[in-house]
Colleague: 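Here's a structure for you.
Letters go in sequence order (proteins before strands), and every chain restarts at 1.
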Number of protein chains: 2
Amino acid sequence: MNANKNKYQFGDLLARHHLKKTEPRLRVLSMLASKNFATSQPDLEDVMLDIDRGTLYRILNAFEEKGIIHKVFDLNGTANYALCKSSCEENHHHDEHLHFNCVVCNNVYCLDDLDLPALNLPAGFQPMNLSLSATGICPKCGKKSDITEN
Amino acid sequence: MNANKNKYQFGDLLARHHLKKTEPRLRVLSMLASKNFATSQPDLEDVMLDIDRGTLYRILNAFEEKGIIHKVFDLNGTANYALCKSSCEENHHHDEHLHFNCVVCNNVYCLDDLDLPALNLPAGFQPMNLSLSATGICPKCGKKSDITEN
DNA sequence: AAGTAAATGCTACAATGTTGCATATTTATT
DNA sequence: AATAAATATGCAACATTGTAGCATTTACTT
């Protein structure tokens, strides 16, 4: 277990962004860090019942503004949040990655380090940020259906 | 004006999908057809105040199921709807296109006929549908800021 | 023209987004 | 270590959107 190490890391992370190191914020960070897919706001609520919904909302907003997390909408239009990779914590938001939304479990996986294509935009469109989204079946759900259906 | 022609076309479109040709549905279709960017549900409501919100909701759902329109979430997580191109009305959803979300006016432009890259997914991810999203400044807003700022 | 299937409009409620404000907590300062 | 200043939390309240049931109306079939 590196919970303490994480707490320390996260405290540092908060300090770097001039955010006070509070219990709710640390819990949100370690929750997000514990998953390899984005977490929906309802899921966060369910796990942290004692944290006020409004507070959670403001925490997530603050984190997003600071570039600590990023938001992605799943197939249902629900906001899901994931920690940004270290490359993202720098100044320039390095959001160019693939979001893979599983149609079975609805998890949104952030798959980084993807080569995005050169864009061929019509005249006048000035792109700032790209992201590629895919829907499909994630490894976990693919395995399940193998067992059940084959 | 080709409003009548459109009405005819849309009636046909509805019939092909076994949807009854009703006033609200035709109005939604011509509204969506009149724009080159996706329209949010609130915007649709504002224009068609006399159409019940629940009805609008069901119309949009029905259209989406039938592949007549597709839904895309803008930067605020609000659902925006746009007519699918003819290629999309066939069986296989041909949703592979670029959604360009302007950070100024918030419009979502559907830019079709884009070459999507071959995906390089980690093992086990089975993609079904791809879409590339970009944020940035659209031609209209780019022009405005030229005038104002230069 | 009449019957049937389907859509609309209404109502109502659930989930989520959002804000104001009093209280509590953190961090800087002494 | 104690205190002040700045900020975050928790609570309450309201706005917006998603969603469903049901009675009435409308569109298509024969």
Colleague: Taking only heavy atoms on the protein side, list every residue of residues 53-61 of chain B lying under 4.0 Å from any atom of DNA chain C, sorted numerically.
Modeller: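 Residues of residues 53-61 of chain B that come under 4.0 Å of DNA chain C are, in numerical order, B/Arg53, B/Thr55, B/Arg58, B/Ile59.
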Colleague: Can you work out whether B/Leu19 or A/Asp50 has the more 5'-proximal nearest nucleotide on DNA chain D?
Modeller: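 Residue closer to the 5' terminus by nearest nucleotide: A/Asp50.
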Colleague: Side chain of A/Lys20 only, please: which of C/dA7, D/dT9, D/dT7 is the nearest?
Modeller: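 The listed nucleotide nearest to A/Lys20's side chain is D/dT7.
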Colleague: Do A/Phe63 and A/Leu14 make a side-chain contact, defined as non-hydrogen atoms from C-beta onward lying under 4.5 Å apart?
Modeller: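 A/Phe63 vs A/Leu14: side chains touch.
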Colleague: In whole angstroms, how far is the C1' atom of C/dG17 from the CG atom of A/Asn76?
Modeller: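 After rounding, the gap between these two atoms is 17 Å.
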Colleague: Between B/Tyr109 and B/Asn36, is there a side-chain heavy-atom distance shorter than 4.5 Å?
Modeller: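 A side-chain contact under 4.5 Å exists here.
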Colleague: Specify the separation, in whole Å, of atom NZ of B/Lys21 and atom P of D/dT29.
Modeller: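 Rounded to whole Å, this separation is 11 Å.
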Colleague: Is the shortest heavy-atom distance from the side chain of A/His70 to the side chain of A/His99 under 4.5 Å?
Modeller: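 In short, these two side chains touch, coming nearer than 4.5 Å.
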Colleague: What is the bend of the helix from C/dA1-D/dT30 to C/dT30-D/dA1 when you compare the axis at one end with the axis at the other, using five pairs each and rounding to 10°?
Modeller: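 Axis angle across the helix from C/dA1-D/dT30 to C/dT30-D/dA1, nearest 10°: 40°.
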Colleague: Any idea which of D/dA27, D/dT9, C/dT16 is nearest the A/Pro42 side chain?
Modeller: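 Shortest atom-to-atom distance from the side chain points to C/dT16.
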Colleague: When you check the phosphate oxygens OP1 and OP2 of C/dT16, does a side-chain N or O of A/Thr78 lie under 4.0 Å from one of them?
Modeller: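 For C/dT16, neither OP1 nor OP2 has a side-chain N or O of A/Thr78 closer than 4.0 Å.
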Colleague: Take atom CD of A/Glu45 and atom C1' of C/dT18, then tell me their distance rounded to the nearest Å.
Modeller: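 Distance, rounded to whole Å: 14 Å.
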Colleague: Using whole Å, report how far CG of B/Asp52 lies from P of C/dT11.
Modeller: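 From B/Asp52 CG to C/dT11 P: 9 Å.
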Colleague: Please pick, from D/dC28, D/dA8, C/dA7, the nucleotide with the shortest atom-to-atom distance to any side-chain atom of B/Arg25.
Modeller: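 Out of D/dC28, D/dA8, C/dA7, the nucleotide with an atom closest to B/Arg25's side chain is C/dA7.
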Colleague: Figure out the CG/C1' separation between A/Leu49 and D/dG10, and round it to whole Å.
Modeller: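 Value for this atom pair: 15 Å.
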Colleague: Would you say that A/Met48 contacts A/Arg53 through its side chain, given a criterion of any heavy-atom pair below 4.5 Å between the two side chains?
Modeller: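 With C-beta onward as the side chain, the pair stays apart.
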Colleague: To the nearest Å, how far apart are B/Phe73 CZ and C/dG17 C1'?
Modeller: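 Distance, rounded to whole Å: 15 Å.
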Colleague: Is there a path of hydrophobic side-chain contacts, each under 4.5 Å between heavy atoms of I/L/V/M/F/W/Y residues, joining B/Leu83 to B/Leu56?
Modeller: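 Linked within one cluster.
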Colleague: Rounded off to whole Å, could you give me the CD-to-C1' distance for the A/Glu65 and D/dA8 pair?
Modeller: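 About 15 Å, once rounded to whole Å.
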Colleague: Measure the distance from CG on A/Leu14 to C1' on D/dT7 and round it to the nearest whole Å.
Modeller: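 It works out to 13 Å between those atoms.
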Colleague: Indicate yes or no: at least one non-hydrogen side-chain atom of B/Thr39 is less than 4.5 angstrom from one of B/Tyr81.
Modeller: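 Contact flag for B/Thr39/B/Tyr81 side chains = no.
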Colleague: Can you tell me how far CZ of A/Phe37 sits from SG of A/Cys105, rounded to the nearest 0.5 angstrom?
Modeller: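 The distance works out to 7.0 Å.
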Colleague: Select one nucleotide: of C/dT8, C/dT27, D/dG10, the one nearest the side-chain heavy atoms of B/Thr22.
Modeller: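 Ranking C/dT8, C/dT27, D/dG10 by closest atom to the B/Thr22 side chain puts C/dT8 first.
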Colleague: Find out whether B/His17 and B/Leu13 are in side-chain contact, i.e. whether some heavy atom of one side chain is under 4.5 Å from a heavy atom of the other.
Modeller: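 In short, these two side chains touch, coming nearer than 4.5 Å.
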Colleague: Between B/Leu44 and B/Leu60, is there a side-chain heavy-atom distance shorter than 4.5 Å?
Modeller: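 With C-beta onward as the side chain, the pair touches.
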